[in-house]
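Below: one structure, written as structure tokens.
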Amino acid sequence: MTNSERVLLTATHWGTYRVDVENGRVTNLRGFEHDPDPSPIGPGIVDVLDGPTRITAPMVRKSWLEGGPGTAGDKRGSDAFVEVSWAEANRLVAAELTRVRSTHGNRAIYAGSYGWASAGRFHHAQSQLKRFLNCIGGYTGSKNTYSFAAAEVLVPHVLGTFRGHLDTTTSWESIASDCDLFVAFGGVPLKNGQISQGGTGAHVQKGGLLAAHKAGVKFVNISPLRADLLDRVNADWLPIRPNTDVALMLSLAHVLLNEDLHDQAFLDRYTVGFARFADYLLGKTDGIPKSPEWAADICEIPADTIRDLARRMARSRTMISTAWALTRQDHGEQPFWAAIALAAMLGQIGLPGTGLGFGYSAMNNTGLNRTPIHYASFPQGHNPVPDFIPVARVTDMLETPGGKFDYDGASYKYPDIRLVWWAGGNPFHHHQDLNRMRRAWAKPETIIANEWCWNALAKHADIVLPCTTPLERSDIALTPKDPYQVVMDQAIEPVGQARDDHEILRGIAAEMGVEEAFTEGRSPQDWQRWIWEVSRQQAAGQRVELPDWESLQRDGWVKVPVPDKPTVMLDAFRTDPEANPLATPSGRIEIFSQTIADFGYDDCPGHPAWMEPTEWLGAAAPDDLHMISNQPRNKLHSQLDHGAVSQADRPKGVEPMTMHPRDAAVRGLIEGQIVKIHNTRGACLAELRISDMIRPGAIQIATGAWLYSDGDLCRRGNPNVLTRDKGTSRLAQGPVAHSCLVKVETIAGQVPQQKR
């Protein structure tokens with residue numbers, strides 16, 4: 001059977017689907033037959049593939065086309081667009097790249113391209129763009145991710161690696177068999193676990209959670225949101241005040257130390273620096289013992305509850321889980337460091353079912369028992385430009401060219417960016433303080449976007465190059481983060497004049513005389529076969545046999561065998577720390593890091609510490625509320641926000657917002673009304689939903705609504721017009737979206753319905 005004879009397949013970051021096609025149009029996406037819990041997100045693309053938001057031809061902003069680079073940047077987002085041919089688009093882009101490079105150098109080109117565009121191994125927008133730019137001399141790039149930048153920089157100083165431990169997180173099978181107590185800082189939000197980088201064959205998070213519950217594991221949900229853990233597991237809910245997890249962790253550690261419940265033998269053999277941390281816990285360094293009474297005033301959890309939880313953790317086989325969201329707050333380095341120290345004091349790191357994990361259900365692959373294989377990818381080549389920025393410092397870079405910034409122990413300067421090229425992401429979704437970013441966005445002379453629909457990125461670009469969706473091209477979902485490797489069939493022809501990113505860049509490369517360097521004479525199909533064959537060789541080196549290319553295309557998918565033994569994070573280190581040292585200066589867990597201490601950062605000392613968010617200092621008012629802008633359940637970030645699945649959740653055209661009944665009553669607000677959320681940075685509209693599933697003093701509104709600006713007001717409900725744009729600390733410079741105070745009030749008059 002060939003792929004033309006079997007039912008078509010596609011793969012996305014949120015799942016694998018069978019594709020129904022009639023008369024050249026996709027009519028439905030159905031969950032993969034081997035997926036026990038398919039994500040509902042997938043079918044959201046069906047009605048927008050060829051809808052009114054689709055970009056069907058190359059487009060150029062009118063003022064830029066007429067006046068040239070740098071013309072009327074403040075009109076980005078409001079200016080009209082003019083359709084041009086692909087030949088003209090290629091000429092314009094090639095000429096602008098040549099001008100910027102010859103006048104300002106390649107460091108003046110910023111390749112943003114942060115995002116989750118496609119699960120395909122070849123049609124990966126970032127890889128395609130960065131390979132092309134490297135063919136013409138390179139670009140300024142970024143480091144780390146919005147998801148967990150603070151942890152990416154901090155944890156390697158403490159545990160030797162961060163991503164390495166993400167890939168070896170203790171499996172759900174091990175938790176079910178060997179854990180007694182699962183303490184979840186930030187919960188285990190199953191909605192987040194719908195996704196996984198590079199593709200998802202079968203969703204395991206819900207099944208893993210329920211299997212652990214059935215086996216007798218007890219859960220504690222430490223979150224402002226009760227829904228961050230499934231009701232069916234009967235978790236104890238500690239409705240913590242947002243941004244105060246570190247204070248709670250320190251007080252738990254204080255109890256362990258004060259009551260001699262800590263494992264000193266483990267600390268002596270596997271860690272360094274505990275004595276310095278212990279002095280801080282006891283208040284010897286700052287005069288403030290980090291007792292439950294101290295923490296109770298900060299995190300608004302009773303001291304007796306804290307003390308009881310610490311004792312429970314000490315007498316149980318305990319797993320400590322920290323959600324990635326905890327890093328996205330002011331001083332976001334501290335929660336993971338404090339959790340590591342707390343787990344070390346319990347002495348269970350490296351044992352089955354216990355220790356610590358970073359973000360169960362942050363993605364489907366967290367806790368998934370799998371065989372990691374180093375698969376091949378589309379080669380990006382070498383970037384000779386050394387300049388970079390921490391990923392969340394885009395606005396700072398555009399506002400202050402030549403300005404200094406600190407990062408991980410060194411000092412750098414922001415480059416003077418003249419051209420921004422974005423492919424595969426949407427900064428108007430994931431960045432903070434979007435109104436400030438919009439003003440800075442007017443400064444570059446040219447902005448290019450590869451995009452398939454008229455979202456805010458496309459509307460704020462100068463040159464828009466229409467790209468295909470995964471359903472309009474062939475690829476393979478090949479990822480070490482999932483056992484299922486899946487053929488991505490081309491289900492329909494490209495809509496309008498859309499081209500895949502490779503073809504877009506090939507055309508520009510031809511215009512600039514580097515086509516051969518970019519393609520190496522291979523077609524997209526040739527590259528995909530090459531990627532598969534190299535990956536087969538890599539897998540064979542790990543004693544995993546993958547089928548040949550023809551068999552893969554015939555069958556549509558293959559499942560890589562999973563390990564016989566459940567994964568346990570840091571088990572080899574636990575067994576023999578001398579033979580398996582960590583990649584830290586000491587080879588052990590660094591509860592106190594001399595390296596970080598020597599950086600001299602006043603906002604990130606040498607051990608876990610409590611520091612108030614800057615947003616609180618002198619700014620909080622009695623009617624302020626903590627805004628939790630978490631991940632949506634009906635889309636991945638802002639992808640498919642215009643589709644039917646996402647739209648069904650907001651019949652009034654604005655994002656829903658959850659508030660506690662007490663807070664609603666004080667403000668005279670009622671269920672279902674449209675409210676305005678605002679602070680000094682901006683405002684957005686939302687539909688009020690009242691629930692006791694959120695703690696008083698906080699509101700929740702998901703990210704992902706496409707920005708629709710009316711001045712500084714987003715009429716669709718994008719909460720990132722409200723969030724603060726500053727670095728977590730001088731160490732990591734990560735985003736601090738969850739450190740955000742807002743006010744909520746009713747609005748007068750009718751709210752206009754928004755177009756999709």
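The first residue in the sequence is number 1, and the count goes up from there.
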Any non-hydrogen side-chain atom of [X] less than 4.5 Å from a side-chain atom of [Y]?
| X | Y | answer |
| --- | --- | --- |
| T703 | P632 | yes |
| R30 | D20 | yes |
| D571 | K565 | yes |
| S174 | T567 | no |
| T161 | V155 | no |
| Q631 | P189 | no |
| L351 | D178 | no |

For the [atom1] atom of [X] and the [atom2] atom of [Y], what is their distance to the nearest 0.5 Å?
| X | Y | atom1 | atom2 | answer |
| --- | --- | --- | --- | --- |
| N580 | T575 | CG | OG1 | 7.5 Å |
| S223 | I628 | OG | CD1 | 6.0 Å |
| N634 | D641 | CG | CG | 7.5 Å |
| T145 | Q197 | OG1 | CD | 8.0 Å |
| M569 | M319 | CE | CE | 7.5 Å |
| T728 | H331 | OG1 | NE2 | 9.0 Å |

| field | CA sep, side-chain torsions, deciding dist, call: N192, S361, side-chain hydrogen bond (donor to acceptor under 3.5 Å, both in side chains) | value | CA-CA 6 Å; N192 295 8; S361 204; over 6 Å; no
In this structure, are over 12 heavy atoms from other groups packed under 6.0 Å from [X] atom [atom1]?
| X | atom1 | result |
| --- | --- | --- |
| K191 | NZ | yes |
| H374 | NE2 | no |
| R241 | CZ | yes |
| E33 | CD | yes |

Looking only at atom types and distance, does a side-chain atom of [X] sit under 3.5 Å from a main-chain N or O of [Y], one as donor and one as acceptor?
| X | Y | value |
| --- | --- | --- |
| D180 | R317 | yes |
| Y17 | G42 | yes |
| S177 | E173 | yes |
| E333 | A150 | no |
| D231 | A235 | no |
| E259 | L256 | no |
| R18 | L29 | no |
| D263 | F266 | yes |
| H430 | H637 | no |
| T10 | L471 | no |

| Residue pair Q639, W14: steps toward the side-chain hydrogen bond (donor to acceptor under 3.5 Å, both in side chains) verdict | CA-CA 11 Å; Q639 290 186 62; W14 49 86; over 6 Å; no
| How far apart are the C-alpha atoms of R370 and D167, what are their side-chain angles, what is the distance that settles it, and do they pass the salt bridge (charged side-chain N to carboxylate O under 4.0 Å, His left out) test? | CA-CA 9 Å; R370 55 194 165 89; D167 290 337; 3.6 Å; yes
| Basic-acidic side-chain contact under 4.0 Å: D489, R6 | yes
| field | Salt bridge present between D236 and R312 (N-O < 4.0 angstrom) | value | yes
| Check against side-chain contact (heavy atoms from CB on, under 4.5 Å), T16 and D35 | CA-CA 8 Å; T16 299; D35 190 347; over 6 Å; no
| message | Do R328 and Y146 form a cation-pi contact, if we require the NZ or CZ to be under 6.0 Å from the six-membered ring centre and within 45 degrees of the ring's axis? | response | no
So, [X] versus [Y]: side-chain donor-acceptor pair below 3.5 Å or not?
| X | Y | answer |
| --- | --- | --- |
| S638 | N426 | yes |
| D475 | H123 | no |
| K481 | S196 | no |
| N364 | T200 | no |
| N630 | Q700 | yes |
| S739 | Q329 | no |
| N720 | T723 | yes |

| request: Anything under 30° is parallel, anything over 60° is perpendicular, the rest tilted; go ahead and classify F182 against F219. | output: tilted
| query | Aromatic rings F162 and F358: how do their planes relate, parallel, tilted or perpendicular, breaks at 30° and 60°? | reply | tilted
| Of the non-hydrogen atoms in A539 and L546, which two are nearest, and what is the gap between them? | CB-CD1, 3.8 Å
| Closest approach of P547 to V558 (non-hydrogen atoms, all atoms of both residues) | CD-CG2, 3.8 Å
| query | So M488 and L9, side-chain contact (heavy atoms from CB on, under 4.5 Å) or not? Walk me through it. | reply | CA-CA 6 Å; M488 299 171 63; L9 272 170; over 6 Å; no
| For F185, which residues count as a ring pair (Phe, Tyr, Trp, His ring centres under 6.0 Å) partner, sequence neighbours excluded? | none
| field | Set of residues satisfying ring pair (Phe, Tyr, Trp, His ring centres under 6.0 Å) with respect to Y484, sequence neighbours excluded | value | F32, W557
| message | Using the rule given for side-chain contact (heavy atoms from CB on, under 4.5 Å), can you reason through E655 versus E687, listing the C-alpha separation, both sets of side-chain angles and the distance that settles it, and then say yes or no? | response | CA-CA 6 Å; E655 198 69 26; E687 180 186 350; over 6 Å; no
| query | When you look at Q194 and H13, which way does the side-chain hydrogen bond (donor to acceptor under 3.5 Å, both in side chains) test go after all the steps? | reply | CA-CA 8 Å; Q194 295 178 85; H13 300 295; over 6 Å; no
| query | Can you list the steps and then say if T658 with I701 is a side-chain contact (heavy atoms from CB on, under 4.5 Å)? | reply | CA-CA 7 Å; T658 304; I701 178 170; over 6 Å; no
| Audit row: D649, K635, salt bridge (charged side-chain N to carboxylate O under 4.0 Å, His left out) steps and yes/no | CA-CA 11 Å; D649 200 35; K635 50 186 171 280; over 6 Å; no
